[in-house]
Every structure is written in structure tokens, then in C-alpha cells.
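To find a chain, count down the sequence lines: A is the first, B the second, and so on, and within it residues start at 1. Only a predicted model underlies this, so the values are computations on that prediction, with no experimental measurement involved.
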Protein chains: 2
Amino acid sequence: MAFARRNGAEDSSTRTALIDAAEQLMVEEGYAAVSSRRVAGRAGMNAALVYYYFGTMDDLFLAVFSRRAERNLEAQAEALASDQPLWALWDVTRDQTNTALNFEFLALGKHRKVVGAAITESCFNFRRVQLDAMPGILKRYGVDADAWAPAVVLLLMDGMSRFLMMEEAFGLDIGHTEMIALIEGQIRALEGEPRSRKPRPRAKKRA
Amino acid sequence: MAFARRNGAEDSSTRTALIDAAEQLMVEEGYAAVSSRRVAGRAGMNAALVYYYFGTMDDLFLAVFSRRAERNLEAQAEALASDQPLWALWDVTRDQTNTALNFEFLALGKHRKVVGAAITESCFNFRRVQLDAMPGILKRYGVDADAWAPAVVLLLMDGMSRFLMMEEAFGLDIGHTEMIALIEGQIRALEGEPRSRKPRPRAKKRA
DNA sequence: GTCTATAGCTGGATAGAC
DNA sequence: GTCTATCCAGCTATAGAC
């Protein structure tokens, strides 16, 4: 855990409810809408509790970020350990659930030092976990490591996927079908047809 | 111009100063810091002038966005019309100048309807201008259009470039050198060595 | 743990003088 | 075009009762 907890147990239901409310507010109305009053109001709590549990708004943001990052890191680790790791990784990165929240944190992270540091550390962890697994996976499939460095393969899968999802969040999809077909074609050449794919959450309609 | 102007000439120096101040504030402190009082204060003006010129804060945001989008679109059109269009396009997309501002608008655009619409329209225009030029460029270099659809080439150049810049904005660069070498190698194979490259602005250090 | 009350500040937006 | 004055609302954060 990268942030200091002011008060209250880690598994306090009040604490959890406040984090839930803050996350929802960020997604629905943006980080600027996350005030102690509005977070508490949505959670059916009193505003002073935000300060009791988190001390400052920055620490509340960090709690939201860390919880989401941990969950996503676990999902990714599970994907990389599956029997079709490339398909599983691709499906995990194509998940639109976090896109709106990511936009908020990217903006927030450029202006709140502690949030920016958490983003850098978290992204680094994701890439490190991917990089630990990729060489073994590619070797198993007989991919020439000189022609396709693991880090490059990851940028083409994870990086391109993230860019496509950002565009899709704004209704842009020029070339997406072709790009997705290209990447999935490469995965198919290595792993064959996907045997079981998790249903992939798409972006919600704009309000 | 996609936004309604409340009052004042398009070339009013006061109007320009307010847009300048708003843009600076967005980059330095985020969209939440853009208030009529702070914008006016930075421009050495009175807060009421913001409402005189723009009517609402939303229209001020639109003015900032539109001005930047127009400038960037011109720079891209110039690049695509140059004698080494792929190198020029690559250099234009590798420009870090706008990354911080883009983060702000991506977040803002998900919550302010008119801003979101402006982003969608602007990105669509960028891609359309690129797509108008690419087929001719690739054909001139003898690229097989069936293997490399123009839209896919653009996602690999423009899309990947944008993703790399977002990572770099947070100090992340795993695999970047290799990815850049891969893309530049492809460009070099088609256009040879770059003859004249504009100096590429990099991200500023964090404060 | 949860509450009320409060200090001190900042915000969007308008009315109306000059 | 530019200003002051103003309304009403919202904000972070703390003190202290229960």
C-alpha cells in the first residue's frame, strides 16, 4: 500500500463505501467533482468522515487508484498464467471498464505529485509483470526473440489496445477493425483459436 | 468555428490574452484550476471579462481547444505535403508540446458534452486529412495496399506515437527505443534517411 | 466512529456604473 | 469594453460534542 492510512481499519465498510462513492463520482463527473461533501453524500455518510479515514483528498484519490490497480494487476497475472496467455492478455487489455477512470487519473496525475508517482509505479509494475512472463511465452511458441523483442510485442498488444480504447471512448474507430484483425491474426498464428474468452465489457453510452 | 462567440472581435487582444491564460492554467494546474477569476488574474484582466467574451466557462474551454486544434491540423497538413511526408508526419506526432493539454481535454471531454463533441470532431478531422494523403504516399513508395491498409499504417505511426508519449509523460519508457527503431526503420526503408527534421520539443521536467 | 458547527476561502454568474 | 459590487453556492479542513 503506497499511501498512509489516517484512521480506520482497512476493511471498514464505511471506508470501502467512501472509496466506492469517490470512484463513481470520478467516472461520472470527473475528478473535480470529488469533494468530501459529494463523496460522503453519495455514500450516505457525513463529510467529516472523509477526513477521519483519509486525512486529505489526495489520500482518498490514492486509495481509489491503488484499489483499482491491485485488482487489475491480479486480473493480468491470472491472464498471463492461463493456458492461452496471449488471448487472455489481449482480452484483459481490451476491457473498457477502466478507460473513463484512467482519463481522470492521467489528468490528475500531472498535477498532484503523489498521484503521478502512484501512476508511474503502477504502470511500471504492470509492464514488469508482463515482461517477466513474455519471454517464456514467446519462446514456447518458437518466436524469434531477435525479430520480436518481448517489450515490442507488449507495446503492440497492450499499448495499441489502450490507444484504440481511448479513441473508442470518443466514438472514433477508423482502422480499428483492421488493426484488431491484424493483432488477433498474429495471436491466432501462435495460440490457435481462443478456447474460452471472457465476455468483454464495452464502454457505456454517454449520459 | 464550432463554438458561439458571445461578444468581442475574434482578434481582440483581450480575448487572445484570456485564451492564453486559460491554456497555461490547464497545462500547469489542470482544468479544475481554470476559473474566471484565476484566468483573468493571470492575464491581468478583470474576471467579468471572461463572461463578456465567452459567456460560460465551457465556451472558454472550447476556444482554447479549437485554437490549438487548428494550429496542429495546419502543422500536420504541412507535414503530409512535404517531400518526406512519413518522416514529417512522424516528427509531428512525436511532438510532446501538447501531451499535458491533451490529458486535460480527454478528462474534460468525458464530462462536458460540448468539449467531448469538439474532441471527436477534431480527431476525426485529423484522421481524415491523414487518410486523404496516405494512399497516394504509400502507392508512390510501392507499398502493397492489401497488406498495409493506410488506416493501419496510421494507427501504427500516429496511434503508437501518442501512446508512447503518454507513457513518457509519466517517465515510462520500457521498449520505447526498440519500438521507435522499428517504426523509423520502416519509414527509412520507404523514404531513406530524413533530410531535414524539425527539432522535436520534449516534455518539460515535472515541477 | 460519527456527528454538528464553523472558519476562511474560492467559485460561476449577473447587474449596473462608467 | 471594462470595471465594482454582489448573490449564493461550494470547497478543505479542523474543533469538539456525543
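- In this structure, the nucleotide among dA13(C), dG1(C), dT2(D) sitting nearest to the side chain of Thr56(B) is dA13(C).
- Residue Val34(B) is classed as a sugar-phosphate contact, given heavy-atom separations below 4.0 Å to backbone atoms only.
- Following rounding to the nearest Å, Met57(A) (CE) and dC9(C) (P) show an atom-to-atom distance of 20 Å.
- At most 12 non-hydrogen atoms from other residues, nucleotides or ligands lie less than 6.0 angstrom from CD of Glu78(A).
- Between Leu49(B) and Gly55(A), the residue whose closest nucleotide on DNA chain D is further toward the 5' end is Leu49(B).
- Salt-bridge formation is detected for the pair Arg42(A)/Glu28(A): a Lys NZ or Arg NE/NH1/NH2 atom is positioned less than 4.0 Å from an Asp or Glu carboxylate oxygen.
- Distances from the side chain of Ala48(A) to the nucleotides dA15(D), dA13(C), dT2(C) place dA15(D) closest.
- Atom-to-atom, CZ of Arg37(B) to P of dC7(D) comes out at 13 Å; the value is rounded to the nearest Å.
- Rounded to a whole Å, the OH atom of Tyr31(A) is 15 Å from the C1' atom of dC11(D).
- The side chain of Ser35(B) sits closest to dG12(C) out of dG12(C), dG1(C), dT2(D).
- Of the candidates dA13(D), dT2(D), dG12(C), the closest approach to any side-chain atom of Tyr52(B) belongs to dT2(D).
- Below 30°, between 30° and 60°, or above 60°: for Phe61(A) and Phe105(A) the angle between ring planes is above 60°, a perpendicular geometry.
- Atom pair Met45(A):CE and dT2(C):P shows a separation of 7 Å (rounding to whole Å applied).
- A donor and an acceptor atom, one from each side chain of Asp95(A) and Thr97(A), are located under 3.5 Å apart.
- Distance Leu18(A) CG to dC3(C) P: 10 Å, rounded to the nearest Å.
- Between the CZ atom of Phe54(A) and the C1' atom of dG1(C) there is a distance of 14 Å, rounded to whole Å.
- Across all strands, Thr14(B) comes closer than 4.0 Å only to sugar-phosphate atoms, never to a base (heavy-atom distances).
- Of the candidates dA13(D), dT4(D), dG11(C), dT4(D) carries the atom nearest the Asn46(B) side chain, counting heavy atoms from C-beta on.
- No option in Glu74(B), Glu104(B), Glu23(B) other than Glu23(B) meets the salt bridge (charged side-chain N to carboxylate O under 4.0 Å, His left out) test with Arg68(B).
- We find that OH of Tyr51(A) is positioned 18 Å from P of dA5(C), with the value rounded to whole Å.
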